[in-house]
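Remarks on the structure that follows.
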Amino acid sequence: MHPHTFPHASRDRGLVLLVLALLAAVLPLGGAAHAASSGPGPVRVRAAAPRTLLIGQSTRTAWDDYTSFADAPAGGSVYYEVASGDWVGPGHAAYAGFLADRGDTVQIGISWKDNPPGFPGGDDSAKAARSRQVTQELADGKWADRFTRLTDFIDAHPRATFLLRLDYEVSSHYHCTDATCSSYKGAFARIRSLIEDRIHQDNVRFVFHPVRGEYEALYPGDAVTDEIGVSVFAHELCMPIRDTGGYLYNGTPPDNYDIGALQCRNAYIGTDTHGNPAAVWKNWDYDGNVLKMMKFAQDHGKKMVVSESGLMNLTADGADTGGLEPVRGAEWTRRLFGLLDYRGPIPNLPGTYDLSDVITTVTYIDLDFRYGWDGIDDGSFDFPPDSTWFADGRLSRYTDARTTFCRGLAERGFTTGCRA
C-alpha cells in the first residue's frame, strides 16, 4: 500500500547515442504515430470527458480533511487482499461502504504481493517468490473463493463505479514467473473474467497499474485492460526524496540530475544544424518512463489513472517534526497538474507529443504519513523524523500547495473544485 523505488530510464550518454544511430536508420524524424506534425507546435487537446478526483487510500480520514476546504471529490481509494478474501482492515471496509453508498467512484487495489496467501513467513525475497507463485495460481483459477466478499459488495452497489487494480505497482519481481510474464497476464484475464461472471451490472473498470519501468513487459493486453494506472510521488516528478542523512535523486548529479533546478537531465532526439538526428539534452520535470507510459497508453487507446499520489519528505527537517513542505510542496503540486497537460518531447524519442488527453483521473492520498499509511495520529510516529515518509500530506495544512492544487483542479477540467 505504499510506493516503492521503481526502475527508471537509463541516462547513459552512450545508450542515447546508440538509440540515435538505430533510429536514424529506421525512423524518419517525427514519424511516431502521435508526434506533432511539422510547423506550429501541437494543438492542445482536452480530455473528452471531465477529469475526476479521488481522495484517500485507507480510511475516511483523508476525505474529512480534504472536504474541510473543498467540495466533495468524485470518490476515493481502498485496498482488498486475496489472502483473507476481505478488506485490508476495518477502515478500508468502512470507507468503501461510505463511498459506494454515495454512488461515488471506488478505486480498489486487490493485492496479493503484500500478503501472499500461503506465505509461511520470511524475508522479502521469500515473499516475492511466493507472490510470483500465487500469481500463477490465480491465472490457473485458484483462490477464486477469495473474491466472493468483493463481488457481493460490488453487486450490492449498482450506482457506484469501481476501478479495480489487479494488484498495484505490479512488477516482474512480484508477479512474473518467467520473462514472458504470462503469469500476471493470465492472472489479470482470469480475475477479470471471474468478477464479470459474478456481478450483474456494468459498473466495473479494470486497471493495470505497473511500476513505471515495466509497463510494456507486463501489459495484459488491450482486450482485458480498461485503464492504466501510475503512481506519482517524488521521483516521477523529478523531485528529490529526503532520507536520513541525505537526498535521493532521480539521476546522478550533475550529468543526469540538476540539483539547483530540482530537475532530471536527459536527452530527446532532435536535429543538429544540418537537419540530422541528434541528441538534445535538457532539464525535465518528469521521469522519462512516466512520459513513455503515457504515450504507450495513448497508442493503445487507453486512459490513465494516477492511482496513487502524495507528498513525500522533500527537504531536510532538522529538529522540526512538523513534516510540512511549505516550499517544495507547492512546486510538487504544480508539476503534478502540469503532467496532466503535458505536450512536448519524450526522452530518447524523436518528435513532440500531445499527451494532454491521457490522464483523466487523479487519486491524491491527503494523509499525514508521519503516522503511517492510515494517517491517524495514535500518539507516536510510524516513521523516523527526516526519513522518506516523514511527511504531512494533508492539503489543509498548506497555503501555497493548497492554492496551487485548487487552481489545478479548475484549470484541468475536474468535476470538483475548492470552496472560495
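Worth knowing before you read on, the calculation uses all heavy atoms, side chains too, and leaves out hydrogens, waters and symmetry mates.
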Check: Can you check side chain to side chain donor-acceptor pair (under 3.5 Å) on H175 and D167, steps first, answer last?
Finding: CA-CA 9 Å; H175 299 92; D167 221 335; 2.9 Å; yes
Please determine whether a side-chain nitrogen of the Lys or Arg among [X] and [Y] lies less than 4.0 Å from a carboxylate oxygen of the Asp or Glu.
X	Y	value
R205	E227	yes
E308	R165	yes
R265	D255	no
E325	R242	no
R334	D285	yes
D123	K127	no

Taking the six-membered ring for Trp and the full ring for Phe, Tyr or His, determine whether the centres of [X] and [Y] are under 6.0 Å apart.
X	Y	answer
F208	Y215	no
Y219	H300	yes
F337	F405	yes
Y268	W281	no
W143	W112	no

Check: Applying the ring pair (Phe, Tyr, Trp, His ring centres under 6.0 Å) test to F153, which of W87, Y80, F147 qualifies?
Finding: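 Only one of W87, Y80, F147 forms a ring pair (Phe, Tyr, Trp, His ring centres under 6.0 Å) with F153, namely W87.
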Check: Does some side-chain heavy atom of Q57 sit less than 4.5 Å from a side-chain heavy atom of L367?
Finding: yes
State whether a side-chain donor-acceptor pair under 3.5 Å links [X] with [Y].
X	Y	value
E214	S172	yes
D386	T244	no
S396	D65	yes
Q136	S183	no
Q298	D357	yes

Could you pull out all residues at least two apart from [X] that satisfy ring-ring contact (aromatic ring centres under 6.0 Å, His included)?
X	answer
W63	F98
W284	none
F381	Y371, F390
Y95	none

Check: Yes or no on side chain to side chain donor-acceptor pair (under 3.5 Å) for S231 and H209, after CA distance, side-chain angles and deciding distance?
Finding: CA-CA 8 Å; S231 292; H209 178 196; 3.0 Å; yes
Next item on the list: Not counting sequence neighbours, list each pair that qualifies as a salt bridge (Lys or Arg N to Asp or Glu O under 4.0 Å) and has a residue in residues 387-400.
Entry: D368-R394, R370-D392, D392-R394, D392-R397
Next item on the list: Report yes or no: is the cationic atom of K113 (NZ for Lys, CZ for Arg) closer than 6.0 Å to the six-membered ring centre of Y168, at no more than 45° off its axis?
Entry: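 Judged by the rule, K113 and Y168 form a cation-pi pair.
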Margin query: With side chain to side chain donor-acceptor pair (under 3.5 Å) as the criterion, how do D287 and N250 come out once you've worked through the C-alpha distance, each side chain's angles and the decisive distance to 0.1 Å?
Written below: CA-CA 8 Å; D287 177 87; N250 188 349; 3.0 Å; yes
Item checked: side-chain hydrogen bond (donor to acceptor under 3.5 Å, both in side chains) pairs, two or more places apart, involving residues 186-195 ->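 For residues 186-195: R192-E196, R192-D226.
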